[in-house]
Amino acid sequence: KQEVTQIPAALSVPEGENLVLNCSFTDSAIYNLQWFRQDPGKGLTSLLLIQSSQREQTSGRLNASLDKSSGRSTLYIAASQPGDSATYLCAVHLMNRDDKIIFGKGTRLHILP
Amino acid sequence: KAGVTQTPRYLIKTRGQQVTLSCSPISGHRSVSWYQQTPGQGLQFLFEYFSETQRNKGNFPGRFSGRQFSNSRSEMNVSTLELGDSALYLCASSLAGSRAYEQYFGPGTRLTVT
């Protein structure tokens with residue numbers, strides 16, 4: 001059974017620091033992995049989508065990597081800002097007959113001004 | 001381009017009733033997925049529709065159903081509501097399916113069952 005784990009569950013860092021969020025998954029047979037952010041009481045905002053054939057994707061201060069063989073993805077945030085405070089979720093789309101999307105429980109990030 | 005819209009935003013129902021939620025995808029998107037989010041279980045996949053056909057589904061009872069119309073708008077129905085169905089219901093659209101394309105989420109419908 002595919003499991004998606006995000007550690008830590010919560011993280012507080014001072015403004016300006018670079019940080020890494022982790023996502024691990026147990027089944028490497030995936031179509032893709034997507035990172036989202038969710039602000040309290042709101043829907044999800046797509047950050048980056050990495051196809052299974054790709055190793056990384058970049059958008060502005062964000063860089064996401066994917067290592068299928070080890071079942072890991074990282075989201076790197078450079079020069080963090082208070083506006084980056086949110087819950088960050090990763091999701092994998094399974095390639096097997098289940099063909100469904102599994103989300104991690106998220107990392108709640110707080111950037112200290 | 002307008003984003004994904006969901007109606008209603010908030011809903012209060014009593015046990016045993018049924019409810020229908022609506023989702024309008026981004027213009028040009030042909031795939032709509034539905035998710036349930038609760039504090040205990042997190043985000044769980046319900047089902048995905050593409051070109052009016054259900055492509056796949058998660059592990060939810062048959063009380064949860066959906067459909068997609070020819071204009072790609074989608075509805076989700078929950079019959080015989082239970083207290084545990086209280087949740088934020090999110091829909092997401094993608095250009096041609098979540099296997100290859102980014103998903104864009106709506107703001108959600110907050111359902112409270114009393």
Side-chain angles (χ1 to χ4, degrees), chain A residues 1-7 9-10 23-25 27 29-54 57-59 62 64 66 68 75 86-108, chain B residues 2-7 9-10 21 23-26 29 31-50 53-60 64 66 87-112:
Chain A
K1 180 187 169 186
Q2 174 74 282
E3 290 185 3
V4 179
T5 305
Q6 292 186 249
I7 295 174
C23 173
S24 61
F25 48 95
D27 187 344
I30 63 172
Y31 287 110
N32 59 57
L33 183 145
Q34 193 166 357
W35 282 93
F36 300 88
R37 67 173 280 169
Q38 185 173 30
D39 294 282
K42 303 285 182 64
L44 276 67
T45 300
S46 174
L47 297 174
L48 291 164
L49 171 71
I50 312 176
Q51 300 294 349
S52 63
S53 58
Q54 298 173 321
Q57 284 286 341
T58 299
S59 176
L62 305 179
L66 175 64
K68 278 200 315 176
L75 178 66
T87 296
Y88 289 79
L89 297 134
C90 69
V92 297
H93 192 144
L94 301 182
M95 189 179 277
N96 59 25
R97 61 184 177 89
D98 283 339
D99 189 19
K100 61 185 180 183
I101 296 99
I102 307 291
F103 275 82
K105 293 291 179 69
T107 294
R108 194 168 59 254
Chain B
V4 178
T5 58
Q6 292 186 245
T7 57
R9 293 293 313 279
Y10 302 92
L21 312 181
C23 173
S24 292
I26 292 170
H29 283 196
S31 171
V32 172
S33 299
W34 287 90
Y35 298 86
Q36 180 195 67
Q37 186 175 32
T38 59
Q41 298 297 320
L43 262 161
Q44 293 184 284
F45 171 73
L46 281 156
F47 28 67
E48 180 177 12
Y49 284 86
F50 178 74
T53 301
Q54 185 179 89
R55 174 175 272 180
N56 46 14
K57 61 179 296 186
N59 300 325
F60 278 81
F64 292 81
L88 180 66
Y89 289 88
L90 294 161
C91 83
S93 76
S94 65
L95 190 62
S98 57
R99 290 178 188 174
Y101 297 90
E102 273 186 278
Q103 293 190 80
Y104 297 89
F105 279 75
T109 293
R110 173 76 61 185
L111 172 65
T112 302

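Below, chain A is the first sequence line, B the second, and so on; all start at residue 1. Keep in mind the model is a prediction, meaning the values are calculated, not measured.
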Could you tell me which of L89(A), I30(A), L48(A), L44(A) has the largest number of non-hydrogen atom pairs under 4.5 Å with chain B?
L44(A)
State whether the number of non-hydrogen atoms from other residues, nucleotides or ligands found under 6.0 Å of R55(B) atom CZ is greater than 12.
yes
Between [options], which shows the greatest number of heavy-atom pairs under 4.5 Å with chain A?
options	value
Y35(B), Y101(B), F47(B)	Y35(B)
Q6(B), E48(B), Q41(B)	Q41(B)
C91(B), G58(B), P107(B)	P107(B)

If you take all heavy atoms of K105(A) and G40(B), which pair is closest and at what distance?
NZ-O, 3.6 Å
Q38(A) and L90(B): which non-hydrogen atoms are nearest, and at how many Å?
NE2-CD1, 4.5 Å
Can the ring centroids of F45(B) and F103(A) be said to lie less than 6.0 angstrom from one another?
no
Would you mind checking which part of K100(A) comes under 4.5 Å of any heavy atom in chain B, side chain (CB onward), backbone (N, CA, C, O), both or neither?
both
Out of curiosity, N56(B) CG to I101(A) CD1, how far, rounded to the nearest 0.5 Å?
6.0 Å
